[in-house]
Peer 1: 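What follows is a structure written as structure tokens; I'll ask about it next.
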Amino acid sequence: IYEPLLPEKSQQTVAVEDSPLPDDLTRDSVTLPDLSEPELSRHYVRLSQHTYGVESGPYPLGSCTMKYNPPFAEEVASVDDAFVHPDRSAASTQGTLALLYRLQEYLAEIGGMDAVTLQPPAGAAGEFTGIRIAAAYHEANGDHERTEVVVPDTAHGTNPASAAVAGYDVVEIPSEDGRVDLDALEAAVGDTTAAFMLTNPNTLGVFERDIEAIAEIVHDAGAPLYYDGANLNALLGRVRPGDMGFDIMHYNVHKTFGTPHGGGGPGAGPVGVVSDLVEFLPDPHVRQSDGGFELYTPERSIGKVHGFSGNWLVLIKAYAYIARLGEEGLLDTSAKAVLNANYLASQLDLDVPYEPFHHEFVASADDLDASDLAKRMLDLGVHPPTTKWPDIVDEALMTEPTESESKRTLDQLADAFNTAADEDEEILESAPNRTTARRIDQTSAARNPRLSWQALDD
Amino acid sequence: IYEPLLPEKSQQTVAVEDSPLPDDLTRDSVTLPDLSEPELSRHYVRLSQHTYGVESGPYPLGSCTMKYNPPFAEEVASVDDAFVHPDRSAASTQGTLALLYRLQEYLAEIGGMDAVTLQPPAGAAGEFTGIRIAAAYHEANGDHERTEVVVPDTAHGTNPASAAVAGYDVVEIPSEDGRVDLDALEAAVGDTTAAFMLTNPNTLGVFERDIEAIAEIVHDAGAPLYYDGANLNALLGRVRPGDMGFDIMHYNVHKTFGTPHGGGGPGAGPVGVVSDLVEFLPDPHVRQSDGGFELYTPERSIGKVHGFSGNWLVLIKAYAYIARLGEEGLLDTSAKAVLNANYLASQLDLDVPYEPFHHEFVASADDLDASDLAKRMLDLGVHPPTTKWPDIVDEALMTEPTESESKRTLDQLADAFNTAADEDEEILESAPNRTTARRIDQTSAARNPRLSWQALDD
Amino acid sequence: MTGSPYVPHSAEETAAMLEAVGVDDVTELFDVPDPVRFEGDLDIDARSEPEIRTEIDALLSRNDDLTEFLGRGHYDHYVPSVVDRISARSEFLTSYTQYQPEVAQGFLQALFEYQSMLVELTGLPVANASMYDAATALGEAALFASRVRETSGSTVLVPEYVRDERVSVLENYGAGADITVERVPSAKGTVDTSALMGAANEDTLAVYAENPTTRGTIEPDLDAIGDVAHDNDALFVLGSDPVALSLLERPSDVGADVVVGDASVLGMPTSYGMGLGMFATREDFLRQVPGRLVGASEDDAGFRAFTLTLQTREQHIRRERATSNICTNQAWVALRTAMHVAALGPEGLLETANRMVSLASDVAERLDEIIGVRAPVDDRHHFREFVAHTDQPARAIVDDLAAQGFAIHAVGEHEVQVCVTETNEGSIDDFIAAFREVAQ
Amino acid sequence: MTGSPYVPHSAEETAAMLEAVGVDDVTELFDVPDPVRFEGDLDIDARSEPEIRTEIDALLSRNDDLTEFLGRGHYDHYVPSVVDRISARSEFLTSYTQYQPEVAQGFLQALFEYQSMLVELTGLPVANASMYDAATALGEAALFASRVRETSGSTVLVPEYVRDERVSVLENYGAGADITVERVPSAKGTVDTSALMGAANEDTLAVYAENPTTRGTIEPDLDAIGDVAHDNDALFVLGSDPVALSLLERPSDVGADVVVGDASVLGMPTSYGMGLGMFATREDFLRQVPGRLVGASEDDAGFRAFTLTLQTREQHIRRERATSNICTNQAWVALRTAMHVAALGPEGLLETANRMVSLASDVAERLDEIIGVRAPVDDRHHFREFVAHTDQPARAIVDDLAAQGFAIHAVGEHEVQVCVTETNEGSIDDFIAAFREVAQ
């Protein structure tokens, strides 16, 4: 019987009157929810209860790295001194700059890069930044014919999208046995290639073993090699993108470095580059100065990719996380991330076509519908993997358990996979039944978009 | 399928070895849960999800005042400067003393008292403190024959219990029409009376209209009149215990002043007294000194009732709450607390034998079992009232909605009452069905006490 | 501690797992050629929780303790504790994008509320679930304009008063689509409409204006700006924020086609520029909108339910033909903003907005009384902030005020900018006194 | 704001409710005679959230910023953030005593865990769900002893080293039962067992000792103390804390009948003495135990479930014949303590305990090297803290150290007490340097 009051059911219209502004500069009225604080609290607490988070159970979305987010990082990011205005002088924000500088150094060390900008506010923003840096590099070389960015068919969707936003034509090359086809790559790259974007291990969890050859081919074509950091968790402390020949990379701190995903964001997408590209980094960049830190504009900076300095509070958390783990913790992370994926896969009754995989794998639901299977897993109390992607696997179940799941949880998760895979189709199609909402009609949502309460009839 | 790891299922035994202490001073080993932080988080988050709090919905437990607990009070009580050791000198804790002093003043103002001690850590501890003060007062008067504390049959259980702990014989007098029977009181009090304890409005929500006569009778017998502050929420800003003739009172800050109940505590039970009794207050007491605040021992102090200074963090929250409300907020609180109780009762299909009531009322489940009805209410998404007490009402449902419920919520709550009261007995007896656990066997729990995981078989 | 504190494996479990997988050591699972294996040591020491707390506290305490009278696109409004507390619940904080809506109804509903609030505030029927910040939302708006405009065109007209940083972001976004930015002169701190008319032509893709502007001025004739845009078949993109929108002319009423800006002025404290990009537009452009959209639908039981919708616009499906590359966004900030708006309610929000007008005008008036100061420079109504002329060099004023514990902007040789909200209001007297001291 | 911000009523709702109730004005609902109505004004102004934050921050910042080397019954151990975060969830924080167990399984289970941990640490099979603090738990133990002891008796023997404050509480609790306290001399900072033997007799109700003691010493022969108690048909009541219990002799092994003490040394920061009273005892005394007990049972579906049990001991049922008057207790602190113990695990806890021994001995040794200081005074093993002799008056030492930013105890004319844990460990060097300066 009891339901908290919905904001939309408690709207008030207030007329704009007695404003210090003349009427012609103001609107007439404003209509918004009007809830008391007790009602507000119950409403949002209820909404939280209808949301599955990492602390609710396993969350094995492939390439999303839904690992444990330590609350202590939240606490260190909430100290009063962290809340400064971005237009404060460098002299009066030495604490902020010092922390940013240290994080730049940590990330450079982990990635094997020479310098890192913290400005990009998300992974895709990092990709865009990286491609803009590549563009500026070619521009500086007077190399104006490079109009294409090459990506493999296993690339995350953001790779081609970022390249396209940056104005490039996207050339997609097919994979062979789940890896870059060197011949196809060789054929695709050349004088018109601005960059080759790759994630390694790729979205199948498979390591691009030929990475040295890939780097050589791309570099010979005069293009930088871009590393998509989404899957960096697999390699922490063991393989560094810079050492593999990558020239530009982004880091997803909300994946690899334990900052929470926040229901979709904010994250942060720092970008690392090798020495040749440092002069192109976004403006401003933090460096050491006499006894302190300063902001400067890199010589041929691409300019800004965020209005201010990016997602500062997220960066504090990433710093705290890396400091907590240290080298041994980072090594343990990649070890257990990879062990967990391999162990989980070994317990599944499903086919996993590509291997050896690292921190993630793509199982196939085969003759079942991957989405249906996922919906049934919801009923079993776990979050399902990413479904129906990459297309290279039929009815794909892209699964990344992360290092923070225990053997016991993985066994339960495997049980959920296997139980769902064993159900009658009818049951799968009618799932889920134990969730807040039952199966939601996506088609009618798209066909008849109702995107605000103003658009609702009820 | 997924369940978080239980601490009891993950115990490790660690031998005590290599201690800097000699063996004969140490134990051999210690066996305790060993969980990683991710597992720990999921376990406790799950436990929280299996706990109904004020932000889950209405919580109308009679005499418990389960009102909204503002989170901002939590925040102000978590500032670093609040975390001081109790043995710090007064000179180095002027901030703490200043806040305590201001709270003393606020409470004295609200209660119409002359001085207030903040030391008692809970309401019952406040009662005990108050009775000890009464004892010290009689002792100081050389009045050694006062061995009895008188309470009405409507008194909260803590009243007689506190008097008994303080060494008094308890004399209970019957009520008449839900109020103190003046004749019975007159008959009960005399030279052997140490105090009369009363809550007003009483546990039926009924105001003891004859309070002036009661005070006169008790004072004529040479005994102080004690006010149990559990129901003070009804009177805030409108009636002050001191003005009614009470000499000693306690405040339940976790009821009246919005500090959270914490699943049973901590609360705080400050005690106010009239001027004659100030010299008996617990040691130490805060007072103003030259340009600051100091601690002193009242001349005939009863000594200490808490090892240190009571529940300091709770007191900060109470201060913040009172400051937020101010006079107009306090008045609004009592107005709406009383209106809410009256409105809710008006919507019930159940009999409410005693009235006019104020912030709470006691309905009767009549020929239904009050506990069964309560269990059914759980299924309807609300917390039921206090059941089967006070005995003065058959199958009592002691209900206090508090001021922080809206009309809409009260309507839903009334609906839950009425729906449950209308169910077949069979349904009531098998309730609840939609809760984490179904009806729990209290008898076997008491008959075969298993009070630790060591005592469990499974 | 010899590993990560966030890895739950006991030695026995690790052993059992290795056995199940069929290897002796976890390194065997890495299919990595030797030459690219990293055999060095990472120069990163592990520290304990309290050590890191102490370290970060000490580090950040190097930030001077200044009372900020700073604005220019990043503003401080008091965030009620209830927003902090409830948004910190781990379900909200640690969940992912709502690809499985059946277990994400709570977050989806919150984002739906956020969209709905923006719809009310802007008057435009479509608002997305967040961009990164005001600058990137403006960049997306330019790309959006190039997709939806009927004829081609490549110039975005941007008033002189807009921050260079914001323009730089816009230029980066525009570069790939050959979009260039042309600055349009201001008059009295707002758009010079006749100059704008002169600048606009068939190559104009979009006309951007802000209300309030970066200088705190309120545009007196937004209709005219919109008309210039529409007369040239260009989009009218308006920058604002939710506090201002509750009071100022409704964007839909002045012909705005897109509203961008920073919504995190509600919901977040000053956080070194971390933001929440608003993006709202007209219904007919719906399929070209960048970013996530939450829509209402029904579940199998017929109950209302929410879901991400029109995902075919997005990168994970449409790849290089997506309407944007955005994936991770600012969803949690949007949740906080929605909570903050709900906590204020329409009266509270409007009261705050009105106060921003009177505070700016009061403080300007008081500064104007100081010898050597003229404020405001712009003969306009103001919101939160204003530019003041100082006889002393602005740089010197700023430095001297910093020495007294206050931060303001230098925006010209002899121009400073001052921003007042309810969070620094209590320091106004001290600020004025300090200003009087340094201005002469 | 013209009322409480926590009252949700709109004017229309209030009107509708008044009408339903049948009155015109809410004051009509108050059945209060005029003479006792309060017609004055309360001198309490309402303030906004940010105003109160500023006020309390400013107020508390009057507390000097001292690094504390203080103990004597209230100790500081680092509380992991996970404890703060999860215990702050509103379901835990705002719920009440678990009278409806079906919707309180989570909290009940946490309390059951807490009880179980105490059972392990004390070796005693029954632990309650919390008392207020160590002192009140000792008071309850005395009353408990008077209920369970076979013959009557009225004296509780308490060592000299016990804090006077704790004894005062004990005396208050004992007064009603005519219990008196007799102090027993110490030798080398621990119980003088021969003196104890001399003091004990048939009137002895209970013998109390602490391990570690208030002076930080570790009792060398608890068995002997227990024997004295038992030889006189008295209860042996032992004071300790969960950190010490993980390392020191198990109370059940030395004959303790009751264990009391402050369990909030885990789970809470220093909070001006706010505590968590432990109470554990033998099975045969179960029905006389004061306070709440959580027990395991089954629900109708046959699943394990938890519930408050043996409530007939309690005040709300047994009234004046209850085993205690306690109602509101420290349940939420117990939850935090259980979480903290689980977060440390047995290794972490034991490691912390061992460190308390070595830290105390190391710091004592370093102070002992200072001319004018002798430490420790007591020729015993120590835990966390120790007493040092100073040639200078103790009061002067304490004041001079305070001027240098450190707080310690003065416990005699020429005796100070110093407590070290992991939270002030990082300041030891500075502390020793300061001590050296002031000691000479």
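If you're wondering where the values come from, they're calculated on a predicted model, not measured in any experiment.
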Peer 1: Counting only non-hydrogen atoms closer than 4.5 Å, does C/L118 touch chain A with its backbone (N, CA, C, O), its side chain (CB onward), both, or neither?
Peer 2: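 For C/L118, there is no contact with chain A at all, as no heavy atom is under 4.5 Å.
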Peer 1: By ring pair (Phe, Tyr, Trp, His ring centres under 6.0 Å), which residues pair with C/H409, not counting sequence neighbours?
Peer 2: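 Expected list: A/H85.
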Peer 1: Looking at A/Q49, A/H156, A/E75, A/E127, which makes the most heavy-atom pairs under 4.5 Å with chain C?
Peer 2: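 Top option by heavy-atom pairs under 4.5 Å: A/E75.
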Peer 1: Would you call the rings of A/F128 and C/Y173 parallel, tilted or perpendicular, taking 30° and 60° as the class edges?
Peer 2: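 Ring orientation of A/F128 relative to C/Y173: tilted.
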Peer 1: Should C/V36 and A/R240 count as side-chain neighbours, where that means a heavy-atom distance under 4.5 Å?
Peer 2: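 The answer is no, as the side chains (C-beta and beyond) never meet within the 4.5 Å cut-off.
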Peer 1: Verify, without hydrogens or angle tests, whether A/Q94 (side chain) and C/R62 (backbone) share a donor-acceptor contact under 3.5 angstrom.
Peer 2: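 Pair absent, no side-chain N/O of A/Q94 close to backbone of C/R62.
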Peer 1: Are a donor atom and an acceptor atom from the side chains of A/N69 and C/T94 found within less than 3.5 Å of each other?
Peer 2: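 Note: A/N69 and C/T94 side chains miss the donor-acceptor criterion.
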Peer 1: Checking C/I218 against chain A: side chain, backbone, both or neither under 4.5 Å from a heavy atom?
Peer 2: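 Contact with chain A: side chain only.
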Peer 1: With no hydrogens and no angle check, is any side-chain donor or acceptor of A/Y44 less than 3.5 Å from a backbone partner on C/V82?
Peer 2: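 It does not hold such a pair.
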Peer 1: Stepwise, does the side-chain contact (heavy atoms from CB on, under 4.5 Å) test hold for C/D31 with A/R209?
Peer 2: CA-CA 7 Å; C/D31 180 33; A/R209 249 188 242 126; 2.8 Å; yes
Peer 1: May I ask you to name which of C/G71, C/G295, C/A134, C/S361 has the most heavy-atom pairs under 4.5 Å with chain A?
Peer 2: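 Looking at each of C/G71, C/G295, C/A134, C/S361 in turn, C/G71 comes out on top.
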Peer 1: Please flag which part of C/T309 lies under 4.5 Å from any non-hydrogen atom of chain A: side chain, backbone, both or neither.
Peer 2: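 The answer is the side chain of C/T309.
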Peer 1: Flag the pair C/E249 / A/T26 as yes when at least one side-chain heavy-atom distance between them is below 4.5 Å, and no otherwise.
Peer 2: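 Sidechains of A/T26 and C/E249: no contact.
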Peer 1: Between A/R450 and C/E298 (salt bridge meaning N to carboxylate O under 4.0 Å), is one present in this structure?
Peer 2: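 Yes, this pair counts.
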Peer 1: Among the options C/E51, C/Q100, C/R37, pick out the one with the most heavy-atom pairs lying under 4.5 Å from chain A.
Peer 2: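 The residue among C/E51, C/Q100, C/R37 with the greatest pair count is C/Q100.
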Peer 1: With a 4.5 angstrom heavy-atom cut-off, which part of C/S61 approaches chain A: side chain, backbone, both or neither?
Peer 2: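 Its backbone and side chain both get close to chain A.
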Peer 1: Does the pair A/N340 and C/M17 meet the rule for a side-chain contact (heavy atoms from CB on, under 4.5 Å), with working shown?
Peer 2: CA-CA 8 Å; A/N340 276 5; C/M17 291 166 77; 3.0 Å; yes
Peer 1: For C/A296, is it the side chain, the backbone, both, or neither that has a heavy atom closer than 4.5 Å to a heavy atom of chain A?
Peer 2: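 Both the backbone and the side chain of C/A296 come within 4.5 Å of chain A.
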Peer 1: Tell me if the centroids of the rings in A/F308 and C/H74 come within less than 6.0 Å of each other.
Peer 2: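 Yes, the ring of A/F308 comes within the 6.0 Å limit of the ring of C/H74, centre to centre.
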Peer 1: Counting C-beta onward and ignoring hydrogens, is there a side-chain heavy-atom pair between A/L313 and C/M268 closer than 4.5 Å?
Peer 2: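 The answer is yes, as the side chains (C-beta and beyond) meet within the 4.5 Å cut-off.
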Peer 1: Can you say whether C/V294 sits under 4.5 Å from chain A via the side chain, the backbone, both, or neither, judging by heavy atoms?
Peer 2: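 It is the backbone, since no side chain atom gets that close.
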Peer 1: Examine whether an atom of C/V169 lies under 4.5 Å from a heavy atom of chain A, and if so say whether it belongs to the side chain, the backbone or both; otherwise answer neither.
Peer 2: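 Both backbone and side chain.
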Peer 1: What residue, out of C/R321, C/H316, C/Q109, C/R72, has the most heavy-atom pairs lying under 4.5 Å from chain A?
Peer 2: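 So the answer, after comparing C/R321, C/H316, C/Q109, C/R72, is C/Q109.
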Peer 1: Within the structure provided, determine whether A/E55 and C/E91 are in side-chain contact (heavy-atom separation under 4.5 Å).
Peer 2: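 They are not in side-chain contact.
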Peer 1: Looking at C/L93, C/L121, C/T97, which makes the most heavy-atom pairs under 4.5 Å with chain A?
Peer 2: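 Highest number of pairs under 4.5 Å: C/L93.
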Peer 1: Distance only, no hydrogens: is a donor on one side chain within 3.5 Å (strictly under) of an acceptor on the other, for A/E405 and C/H9?
Peer 2: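 Note: A/E405 and C/H9 side chains miss the donor-acceptor criterion.
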Peer 1: For the interface with chain C, which of A/S92, A/S444, A/G263, A/P7 has the highest count of heavy-atom pairs at distances below 4.5 Å?
Peer 2: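 So the answer, after comparing A/S92, A/S444, A/G263, A/P7, is A/G263.
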Peer 1: Could you tell me which portion of C/S271 (side chain, backbone, both or neither) has an atom closer than 4.5 angstrom to a non-hydrogen atom of chain A?
Peer 2: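 It is both, since atoms from each part get that close.
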Peer 1: Within the 4.5 Å heavy-atom criterion, are C/P33 and A/E212 side-chain neighbours or not?
Peer 2: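 Touching, per the 4.5 Å side-chain cut-off.
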Peer 1: What part of C/F303 gets within 4.5 angstrom of chain A, counting heavy atoms only: side chain, backbone, both, or neither?
Peer 2: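 It is neither, since no heavy atom gets under 4.5 Å.
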Peer 1: With a 4.0 Å cut-off, would you call C/E120 and A/R27 a salt bridge?
Peer 2: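 Yes, C/E120 and A/R27 are salt-bridged.
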Peer 1: Check whether A/D332 reaches the backbone of C/S4 with its side chain - one donor and one acceptor, N or O, closer than 3.5 Å.
Peer 2: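 Yes.
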Peer 1: So, A/S452 versus C/Q115: side-chain donor-acceptor pair below 3.5 Å or not?
Peer 2: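 Judged by distance alone, the side chains do not pair up.
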Peer 1: Flag the pair A/R238 / C/F38 as yes when at least one side-chain heavy-atom distance between them is below 4.5 Å, and no otherwise.
Peer 2: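 No, side chains not in contact.
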Peer 1: As an exercise: rank C/D84, C/L66, C/I326 by heavy-atom pairs under 4.5 Å with chain A and give me the winner.
Peer 2: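 The residue among C/D84, C/L66, C/I326 with the greatest pair count is C/L66.
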Peer 1: For the candidates A/L235, A/V16, A/T158, A/D243, which exhibits the highest count of non-hydrogen atom pairs separated by less than 4.5 Å from chain C?
Peer 2: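 Of the options given, most contacts go to A/T158.
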Peer 1: I'd like to know if the side chain of A/T436 and the backbone of C/V103 have a donor-acceptor N/O pair within less than 3.5 Å.
Peer 2: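 A pair under 3.5 Å: no.
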Peer 1: Between A/R438 and C/E102, is there a side-chain N and carboxylate O pair less than 4.0 Å apart?
Peer 2: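 Answer for the salt bridge query: no.
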Peer 1: If you apply the rule side-chain contact (heavy atoms from CB on, under 4.5 Å), what do you find for C/D300 with A/I440, and how did you get there?
Peer 2: CA-CA 6 Å; C/D300 271 0; A/I440 294 167; over 6 Å; no
Peer 1: For the pair A/R88 (side chain) and C/D64 (backbone), establish whether a donor and an acceptor sit closer than 3.5 Å, ignoring hydrogens and angles.
Peer 2: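 Pair found, side chain donor or acceptor close to backbone of C/D64.
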Peer 1: Among A/M244, A/Q347, A/H50, A/E327, which residue has the highest count of heavy-atom pairs closer than 4.5 Å to chain C?
Peer 2: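 Most pairs with chain C among the choices: A/E327.
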Peer 1: Carefully, step by step, assess C/F30 and A/H358 under the rule side-chain contact (heavy atoms from CB on, under 4.5 Å).
Peer 2: CA-CA 7 Å; C/F30 287 83; A/H358 293 76; 3.9 Å; yes
Peer 1: Side chains of C/Q330 and A/N311: closer than 4.5 Å at any heavy-atom pair?
Peer 2: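 Answer yes - side chains close enough.
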Peer 1: So which part of C/S87 gets closer than 4.5 Å to some heavy atom of chain A, the side chain, the backbone, both or neither?
Peer 2: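 Looking at C/S87, nothing touches chain A.
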Peer 1: Picking from C/N329, C/N354, C/I56, which has the most non-hydrogen pairs under 4.5 angstrom with chain A?
Peer 2: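 Of C/N329, C/N354, C/I56, C/N329 has the most heavy-atom pairs under 4.5 Å with chain A.
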Peer 1: Check this for me, if you would: do C/R163 and A/D87 make a salt bridge, where the nitrogen-to-carboxylate-oxygen distance has to be below 4.0 angstrom?
Peer 2: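 Answer for the salt bridge query: yes.
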Peer 1: Who among A/A164, A/S430, A/C64 has the most heavy-atom pairs with chain C under 4.5 Å?
Peer 2: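 Maximum pair count with chain C is reached by A/C64.
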Peer 1: Which bit of C/Q105 is near chain A, if near means a heavy-atom gap under 4.5 Å: side chain, backbone, both or neither?
Peer 2: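 Looking at C/Q105, backbone and side chain both touch chain A.
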Peer 1: So which part of A/Q12 gets closer than 4.5 Å to some heavy atom of chain C, the side chain, the backbone, both or neither?
Peer 2: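 A/Q12 touches chain C through backbone and side-chain heavy atoms alike.
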Peer 1: Testing the 3.5 Å rule here: is there a donor-acceptor pair between the side chains of C/T328 and A/H254?
Peer 2: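 Yes, A/H254 and C/T328 have a side-chain donor paired with an acceptor closer than 3.5 Å.
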Peer 1: Is it the backbone or the side chain of C/D178 that comes under 4.5 Å from a heavy atom of chain A, or both, or neither?
Peer 2: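 Looking at C/D178, nothing touches chain A.
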Peer 1: Are C/R304 and A/E8 close enough for a salt bridge, meaning some N to O gap below 4.0 Å?
Peer 2: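 Yes, this pair counts.
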Peer 1: Please check if the side chain of C/N63 supplies one atom and the backbone of A/T96 the other of a donor-acceptor pair under 3.5 Å.
Peer 2: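 A pair under 3.5 Å: yes.
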Peer 1: Taking only Lys NZ, Arg NE, NH1 and NH2, and the carboxylate oxygens of Asp or Glu, determine whether C/E55 and A/R102 approach each other closer than 4.0 Å.
Peer 2: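 Here C/E55 pairs with A/R102 in a salt bridge, since their nearest N and O are under 4.0 Å apart.
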Peer 1: Give a yes or no on whether the backbone of A/W453 and the side-chain of C/S116 come within a donor-acceptor separation of less than 3.5 Å.
Peer 2: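 Yes.
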Peer 1: I'd like to verify something: which residue of A/L61, A/T409, A/V84 has the highest number of heavy-atom pairs under 4.5 Å with chain C?
Peer 2: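 Most heavy-atom pairs within the cutoff with chain C belong to A/V84.
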Peer 1: Flag the pair A/I322 / C/I44 as yes when at least one side-chain heavy-atom distance between them is below 4.5 Å, and no otherwise.
Peer 2: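 Yes - at least one pair of side-chain heavy atoms lies under 4.5 Å apart.
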Peer 1: Can you tell which part of C/I86 gets under 4.5 Å to a heavy atom of chain A, answering side chain, backbone, both or neither?
Peer 2: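 Just the side chain, heavy atoms under 4.5 Å.
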Peer 1: Does any N or O in the side chain of A/D441 come within less than 3.5 Å of the main-chain N or O of C/S297, such that one atom is a donor and the other an acceptor?
Peer 2: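 No; judged by distance alone, with no hydrogens or angles, the pair does not exist.
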Peer 1: In terms of heavy-atom proximity below 4.5 Å to chain A, should C/A110 be classed as side chain, backbone, both, or neither?
Peer 2: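 Its backbone and side chain both get close to chain A.
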